[in-house]
Amino acid sequence: MDNEWKDLEARVAELDALAAQAKTADEHATVSARRRFLLIALDSEGLLDAAQAPEVRERLERLGLPVLQGYHASAMELLRYYGSIQRRRYIPGASSRPILGGPVSLDWFRRPDHTPGTYNPFAWLGCCENIFVDTRHPEADGFGEIFMRVDGAMAHLAWRRDDGVTANLIFGRHFR
């Protein structure tokens, strides 16, 4: 079982490198397809499950798997966000979501924090998610961007289809 997690670590690190180099629509489609299967594998191994978090965290530390540790930590933070009061302030009636098929990518928490000084991180994500869910995402597009004004300044949101189907918010920047 430890070897499976080491193999998964290598596959996820390879995907991250491939994603960083993707330039064309075909390359992005390849990354999306691979990401979909790797997210399913992460979920089936319990890395996206809050109930298994203590055991998973300990095992990842023991095995020295930093990339999977990052994915797991991001998953736990995303689940905390999905259950947060800040999210419900921006999205009335919002309920907890599973990570797979949810509107926010794990990469929101894996990337540098772009929270403007007037927000806390979950409130900023709630604001961005509220804009994002009210915006059309053409089915043919595997990724895209949204630009709009938020609090008197431009906001830049980016999205992609992590599972090949569902549009997922990957980052939001605010320019003053």
Side-chain angles (χ1 to χ4, degrees), residues 1-88 94-115 119-126 128-129 132 142-143 157-173:
M1 183 110 118
D2 288 353
N3 286 337
E4 290 173 6
W5 279 30
K6 289 176 183 177
D7 177 60
L8 189 55
E9 168 90 358
R11 290 173 38 216
V12 171
E14 181 183 326
L15 175 68
D16 285 348
L18 188 63
Q21 296 173 5
K23 304 272 187 274
T24 68
D26 285 345
E27 290 170 338
H28 284 288
T30 298
V31 169
S32 179
R34 290 182 65 184
R35 183 180 292 111
R36 178 181 187 176
F37 289 108
L38 283 172
L39 288 172
I40 291 168
L42 292 173
D43 191 41
S44 70
E45 290 293 331
L47 276 82
L48 308 182
D49 183 359
Q52 297 181 51
E55 297 84 13
V56 167
R57 191 172 22 259
E58 182 277 323
R59 185 171 172 203
L60 291 170
E61 288 172 9
R62 180 176 48 80
L63 294 172
L65 304 174
V67 178
L68 290 181
Q69 285 175 329
Y71 271 84
H72 175 68
S74 296
M76 296 307 99
E77 196 66 3
L78 181 53
L79 291 173
R80 274 185 1 100
Y81 164 71
Y82 280 151
S84 74
I85 192 166
Q86 292 94 339
R87 182 172 189 247
R88 288 189 299 279
S95 59
S96 279
R97 301 286 311 248
I99 290 175
L100 299 179
V104 180
S105 173
L106 284 176
D107 279 353
W108 181 279
F109 292 104
R110 293 183 63 232
R111 293 173 177 256
D113 184 6
H114 296 287
T115 302
Y119 289 84
N120 75 44
F122 283 2
W124 176 240
L125 177 49
C128 292
E129 184 186 357
F132 178 69
F143 57 93
L157 310 181
W159 63 272
R160 68 173 180 235
R161 297 184 192 283
D162 280 355
D163 63 2
V165 178
T166 308
N168 306 101
L169 187 59
I170 55 175
F171 73 79
R173 291 188 179 109

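The basis for the numbers below is simple: all heavy atoms, side chains too, and nothing from hydrogens, waters or symmetry mates.
Heavy atoms only, all atoms of each residue included: L169 and A158 are closest at CD1-O, 3.5 Å. For R11 against L38, the heavy-atom pair with the smallest separation is NH2-CD2, 3.2 Å. Contact between G172 and L157 at its shortest, heavy atoms only, is CA-CD2, 3.6 Å. Between V104 and Y81, the closest heavy-atom pair is CG2-CE2, 4.2 Å. What you find for G83 and R88 is that their closest heavy atoms are O-NH1, 2.9 Å. Considering all non-hydrogen atoms of both residues, V56 and G46 come closest at CG2-O, 3.6 Å.
Applying the ring-ring contact (aromatic ring centres under 6.0 Å, His included) test to every pair with at least one member in residues 45-78, sequence neighbours left out, gives no pairs at all. Applying the salt bridge (Lys or Arg N to Asp or Glu O under 4.0 Å) test to every pair with at least one member in residues 70-83, sequence neighbours left out, gives these pairs: E77-R80. Pairs engaging residues 60-70 under the side chain to side chain donor-acceptor pair (under 3.5 Å) rule: D2-R62 [sequence neighbours left out]. Sorted pairs that involve residues 29-57 and meet ring-ring contact (aromatic ring centres under 6.0 Å, His included), not counting sequence neighbours, are lacking altogether. For residues 63-76, no pair satisfies salt bridge (Lys or Arg N to Asp or Glu O under 4.0 Å), with sequence neighbours left out. Within the structure, ring-ring contact (aromatic ring centres under 6.0 Å, His included) pairs that include any residue of residues 40-68 do not occur (at least two apart or interchain).
Put simply, the side chain of I85 does not reach to within 4.5 Å of the side chain of F122, judged on heavy atoms. V31 places a side-chain heavy atom less than 4.5 Å from the side chain of L15. Taking 4.5 Å as the limit, every side-chain heavy atom of L39 sits out of range of all side-chain heavy atoms of D163. The closest side-chain heavy-atom distance from H28 to R160 is not below 4.5 Å.
Side-chain contact of D113 with T115: a donor-acceptor pair under 3.5 Å is present, judged by distance alone.
For the atom pair CD of Q52 and CD of E58, the computed distance is 13.5 Å after rounding to the nearest 0.5 Å. Residue Y82 holds its OH atom at 8.0 Å from CG of L125, rounded to the nearest 0.5 Å. Atom CG of residue N168 and atom CD of residue E129 lie 10.5 Å apart, to the nearest 0.5 angstrom. Atom CG of residue L48 and atom CG of residue L42 lie 5.5 Å apart, to the nearest 0.5 angstrom. How far CZ of R35 is from CG of D162: 5.0 Å, rounded to the nearest 0.5 Å. For the atom pair CD1 (I170) and OG (S105), the distance works out to 6.5 Å, reported to the nearest 0.5 Å.
The side chain to side chain contact (heavy atoms under 4.5 Å, CB included) test applied to E4 returns M1, E45, not counting sequence neighbours. Legend: residues meeting side chain to side chain contact (heavy atoms under 4.5 Å, CB included) with S74, ordered by chain and number and at least two apart, are L106, F109, R110. The side chain to side chain contact (heavy atoms under 4.5 Å, CB included) check on A25 picks up nothing, with sequence neighbours excluded. Evaluation of the salt bridge (Lys or Arg N to Asp or Glu O under 4.0 Å) rule for E27 yields no partner, not counting sequence neighbours. Taking R173 as the reference, H114, H156, F171, F175 meet the side chain to side chain contact (heavy atoms under 4.5 Å, CB included) condition, with sequence neighbours excluded.
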Could you go through residues 95-103 and list every donor-acceptor pair under 3.5 Å that involves a side-chain atom there, pairing it with any protein atom two or more places apart or in another chain?
unit_1 : atom_1 : unit_2 : atom_2 : d
R97    : NH2    : G101   : O      : 3.2

